[in-house]
Amino acid sequence: MSSVSGAHQDNGISRPAPLPVPEQVKAQLILAQTHLDAGRREDAFSCFGIAARSGHPVALNMLGRAYERGWGVKRNPAMAARCFETAIEGGDGWAMFNLADLFLAGDGVPKNTQRAYRLYVDAARTGNAKALNMLGIMHEDGSVPAGEPDPDTAHQFYQAAAEGGDCWAWLNLARLALERGAWSEAALELEKALDCAIVGVPDAVLALIRPHARERVFQAVMIRCLALLEAQAARGVSHAA
């Protein structure tokens with residue numbers, strides 16, 4: 001099974017602590033998110049752009065996300081990378097994480113796993129649990145600078161990320177437990193992942209336990225997954241096929 005995939009240092013350069021978000025910028029970001037949730041992507045992009053004119057790193061990161069995901073604008077990962085770079089200069093941890101994703105994939109920037117790793121480390125130092133999960137993935141698959149898989153270190157990063165609240169890290173811990181045949185441990189970790197109740201998690205859990213569906217310990221997990229999917233469908237939320 002494959003792994004399931006937020007003052008700092010980068011190349012020796014000190015990063016400032018994040019700045020408070022001014023109320024006017026915060027209002028534009030909230031409005032942008034409201035438009036985005038309602039499917040009005042062009043309006044969302046406009047609000048992200050207005051907020052980013054302030055130069056605030058949080059707003060620049062969100063404008064970068066719009067370019068990265070194509071929210072109301074043609075997808076442009078190279079422009080997203082430039083926005084993230086500028087936001088990082090202001091100390092934004094999520095921009096570090098997002099730029100790391102681009103370098104890891106070679107999306108809009110040359111593929112550079114060493115740069116990605118350093119950026120995930122920087123993001124993790126800001127308290128980003130998702131960055132800890134990504135560090136776990138890189139240690140598990142050997143894409144770290146040392147170039148060797150290190151399952152023990154990967155497990156430590158997954159554990160730290162899970163304790164920090166990242167549901168995907170709980171899924172990775174459960175996957176490793178399943179590979180060891182530790183059914184009860186896996187079931188508990190899958191329950192922790194489902195506590196997040198975010199879109200995509202129930203599908204991922206079902207995919208993990210499908211080969212073990214006859215194990216009684218997973219029956220309650222499966223029932224909970226189906227209930228969450230039904231609730232999401234009732235709200236008009238689509239899920240993975």
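Remember, it's a predicted structure, so these values are computed and weren't measured experimentally. Basis for what follows: all heavy atoms, side chains included, without hydrogens, waters or symmetry-related copies.
Side chains of V73 and M79 form no contact here, defined as non-hydrogen atoms less than 4.5 Å apart. Within the 4.5 Å cutoff, the side chain of I88 has heavy atoms near those of the L99 side chain. Contact of the L63 side chain with the F45 side chain is registered, since non-hydrogen atoms from C-beta on lie closer than 4.5 Å. Taking 4.5 Å as the limit, every side-chain heavy atom of H35 sits out of range of all side-chain heavy atoms of F48. Proximity of D152 to H155: side-chain heavy atoms (C-beta onward) are nowhere separated by under 4.5 Å. Side-chain contact between L190 and I209 is present, with heavy atoms from C-beta onward closer than 4.5 Å. Between P202 and Q232 there is a side-chain heavy-atom pair separated by less than 4.5 Å. Put simply, the side chain of P145 does not reach to within 4.5 Å of the side chain of T113, judged on heavy atoms.
Expressed to the nearest 0.5 Å, how far CG of L31 lies from CD1 of I50 amounts to 8.5 Å. Going from atom CG of L194 over to atom SG of C167 covers 9.5 Å, rounded to the nearest 0.5 Å. R210 CZ to M222 CE: the interatomic distance, rounded to the nearest 0.5 Å, is 7.5 Å. Between N76 atom CG and E68 atom CD the span is 11.0 Å, to the nearest 0.5 Å. Distance check: E85 CD to M96 CE gives 11.0 Å after rounding to the nearest 0.5 Å.
Of all non-hydrogen atoms in F84 and A95, the two that sit nearest each other are O-CB, 3.7 Å. A100 and Y120 make their closest contact through CB-CE2, 3.4 Å (heavy atoms, listed as atom of the first residue, atom of the second, distance). The two residues A87 and N61 make their nearest non-hydrogen contact at CB-N, 3.9 Å. When all heavy atoms of L208 and L178 are compared, the closest pair comes out as O-CD1, 3.7 Å. Considering all non-hydrogen atoms of both residues, R175 and N172 come closest at NH2-OD1, 3.1 Å. For the residue pair L36 and A44, the shortest heavy atom distance occurs at N-CB, 3.8 Å.
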Test side-chain contact (heavy atoms from CB on, under 4.5 Å) on L119 and F97; report intermediate values, then the result.
CA-CA 6 Å; L119 285 164; F97 177 88; over 6 Å; no
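With T86 contributing its side chain and R82 its backbone, the two residues share a donor-acceptor pair below 3.5 Å. Looking at R75, its side chain never comes within 3.5 Å of a backbone N or O of R69 through a donor-acceptor pair. A donor-acceptor pair under 3.5 Å is formed between the side chain of H56 and the backbone N or O of P20.
Residues satisfying the ring pair (Phe, Tyr, Trp, His ring centres under 6.0 Å) test with F157, not counting sequence neighbours, are H139. Remark: R180 engages L176, A177, A182, E185 in a side-chain contact (heavy atoms from CB on, under 4.5 Å) (not counting sequence neighbours).
Ring planes of F218 and W183: perpendicular class, angle over 60° (limits at 30 and 60°).
A salt bridge is absent between K192 and E189: the closest approach of a Lys/Arg side-chain nitrogen to an acidic carboxylate oxygen does not fall below 4.0 angstrom.
When the options D203, V201, V205 are evaluated for a side chain to side chain contact (heavy atoms under 4.5 Å, CB included) with C225, the one that passes is V205.
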